[in-house]
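Just so it is clear: chains get the letters A, B, ... in the order the sequence lines come, proteins before strands, and each one is counted from 1. Only a predicted model underlies this, so the values are computations on that prediction, with no experimental measurement involved.
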2 protein chains.
Amino acid sequence: MPRRGPNDGGEKRNRILRAAIRIFSQKGFFNSKVSEIARASGVADGTIYLYFKNKDDLLISLFEEKMGEMVADVRQRTAAGENAFAKLRIFMDNHMGLLEREAGLVEVLMVELRQSNKFLKDYVPVKFFEYLEVLGGILEEGKRQGIFRPDLNVSVMRRAIFGALDELCLTYVLSKKPKYHPSVSSAELFRVFAEGLCVPRPDAAGV
Amino acid sequence: MPRRGPNDGGEKRNRILRAAIRIFSQKGFFNSKVSEIARASGVADGTIYLYFKNKDDLLISLFEEKMGEMVADVRQRTAAGENAFAKLRIFMDNHMGLLEREAGLVEVLMVELRQSNKFLKDYVPVKFFEYLEVLGGILEEGKRQGIFRPDLNVSVMRRAIFGALDELCLTYVLSKKPKYHPSVSSAELFRVFAEGLCVPRPDAAGV
DNA sequence: CATCGATGAATGGCGATTCATTCACGAAAG
DNA sequence: CTTTCGTGAATGAATCGCCATTCATCGATG
C-alpha cells in the first residue's frame with residue numbers, strides 16, 4: 001500500500017465519505033458499523049476519527065458537503081432556463097436524474113435526513129433549506145412573471161413539490177425492478193403540477 | 001396497583017403501544033430504549049416481551065395495527081364523497097387532519113416507516129400499500145368518471161400526492177411554531193393538484 | 001532521529017433480552 | 001368461612017454481545 005504523504009489532499013477523506021454513502025444507503029445509519037465503513041474505504045477504524053469527530057459528524061459532514069454540491073449544481077442548471085416554467089422542469093428533471101447519477105446519495109440524504117432532525121438534537125440542515133429555497137425562488141419568479149398564479153402559497157407548494165419528488169425517488173430506490181425510467185415520473189409530475197400551477201389560460205400550457 | 005386478571009383484554013398491550021408511539025415519535029426508533037417504553041407504559045421491562053417478540057416486532061405491530069385503522073377510517077370517509085373530485089379532497093383533508101388527532105402517530109409512521117423497508121430485511125408494509133391503493137382508487141375512479149385526465153399515470157401520481165401530503169405533515173411535525181393550520185396546506189395542495197388533474201375544461205374547476 | 005499520519009487491538013458502556021422469582025387470584029379442601 | 005395450593009402474569013436485576021471510540025505503537029518521510 002503506497003503512502004501518499006500527509007493529508008493526501010483530502011483524497012482519503014473522500015474515500016471515507018464515498019464509502020459511508022454506500023454503507024449508509026445499504027443498511028441505514030444506525031445499522032452501519034464504523035468498522036464496515038473503514039473496511040469499505042480501505043482504512044483502519046481509527047483513521048476515520050482523524051477526519052471526523054465521530055459517527056454523527058460523519059453523517060452530518062456528508063449531508064452538508066453533498067447537499068452543498070447538489071444546491072450549487074441545481075442553481076447552475078436552473079439558471080439556464082428561459083423562465084420559471086422551464087426552470088421548474090429543469091429542477092424536477094434534475095432531481096429525478098440524481099437517481100441515476102447518485103442513487104446511494106439520494107437514498108442517504110432523503111431517508112436519513114428525515115430523522116436526523118430528531119435524533120441530532122441541534123443539527124439544522126442548512127443546505128437542505130437552501131435546496132428548498134431554490135425551488136421556492138422558481139415559484140416566486142413564476143409569480144412575478146405572471147406564469148404562476150399570483151396567490152400561490154410558495155412556502156406550502158415548494159414543500160409539496162419537493163415531497164412529491166422525494167417520494168418518487170424513494171419508490172425507485174426501494175423497488176428492485178422499477179416499472180419505468182425516472183424521467184417518466186418527472187415528466188408526469190411536471191405536467192400535472194404545471195397545468196395546475198399555471199394561471200388558467202388556455203395558452204399557458206405549452207412547455 | 002389493582003390486578004385486572006390475566007390478559008386484561010389487551011388493555012396492557014395497548015398501553016405499551018401508545019407509549020411506544022410517544023417515545024418513538026420523540027426520539028426515533030433507534031434512540032428509544034425498551035426500558036423507557038416500559039417505564040412510560042407503567043410496566044416492567046420484561047413485560048413488553050410477553051406481548052411482543054422483540055423491539056422490531058413492537059415497531060412492526062405498531063405500523064400494521066395503526067395503519068390498518070387509518071386505512072379503514074379513510075376508506076369509510078372517502079366513500080362518503082359524491083365523486084372522485086370530492087373524495088380526493090376528503091382524502092387530503094383527512095390526511096392533514098391526522099396531525100391534530102394523532103401527531104405522534106403520524107410522525108412515527110412517516111419517519112420510521114421510510115427506513116424500515118431497509119433495516120427490517122423482509123418486512124413488507126402491507127397496510128401502507130393499502131393506503132396508497134385507496135388514493136389510487138380515487139384517481140382511477142376519477143378517470144372513469146371523466147373528471148381526471150384519461151392518460152393520468154395513476155401509479156406515479158398516487159405516490160406524488162402521497163409524498164406531497166407526507167412532506168407537508170413532516171413540516172408541521174418538525175416545526176415548533178407552524179405558520180398556519182394544516183387545513184390551509186391541504187386546501188392549497190388540493191387547489192393546485194385538482195386544477196392540474198382535471199380535464200382542462202373551464203367548468204371542471206369548482207369543488 | 002523527530003515528526004506525524006495511520007493502525008487495529010483493547011476498552012468501556014450501553015441496552016436488548018432473559019429468567020429466576022414474586023405475587024395475585026381462583027379453586028379446592030377442610 | 002378460612003386455609004392451602006396451583007397457575008400464569010408480571011417483575012426487574014443480571015447477562016451478554018455488540019460496537020463506537022481510544023491510544024499505545026508503528027513506520028514512512030524529511
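Contact annotation: Tyr51(A) reaches the phosphate of dA6(C) (side-chain N/O to OP1 or OP2, under 4.0 Å). The phosphate of dC18(D) has neither OP1 nor OP2 within less than 4.0 Å of any side-chain N or O from Lys33(A). Here Ser35(B) does not reach the OP1 or OP2 of dG15(C): none of its side-chain N or O atoms lies under 4.0 Å away. For dT21(D), the OP1/OP2 oxygens have no side-chain nitrogen or oxygen of Lys55(A) closer than 4.0 Å.
Rounded to whole Å, atom C1' of dT15(D) lies 13 Å from atom OH of Tyr49(B). Between the C1' atom of dA9(D) and the CD1 atom of Ile16(B) lies a distance of 12 Å, rounded to the nearest Å. For the pair Leu58(B) CG and dG15(C) P, the interatomic distance rounds to 17 Å; values are reported in whole Å. Note: CG (Asp45(A)) to C1' (dA10(C)) measures 12 Å, nearest angstrom. The nearest whole Å value for the distance from the CZ atom in Phe30(B) to the C1' atom in dA20(D) is 16 Å. Computed from coordinates, the Asp56(B) CG to dG15(C) P distance equals 16 Å when rounded to whole Å. Arg15(A) has its CZ atom 14 Å from the C1' atom of dT7(C), to the nearest Å. In this entry the distance linking CD of Glu36(B) with C1' of dA16(C) reads 13 Å, nearest Å.
Under the side chain to side chain donor-acceptor pair (under 3.5 Å) test applied with Glu141(B), the options Lys143(B), Gln145(B), Arg144(B) reduce to a single match, Gln145(B).
Ring geometry for Phe162(A) against His95(A) counts as perpendicular: the plane angle is over 60°, on a 0 to 90° scale with 30° as the lower cut.
Taking the six-membered ring for Trp, Phe148(A) and Phe193(A) have ring centres at least 6.0 Å apart. Less than 6.0 angstrom separates the ring centroid of Phe91(B) from the ring centroid of Tyr131(B).
Nearest to the side chain of Val34(B), among dT11(D), dT7(C), dT17(C), sits dT17(C).
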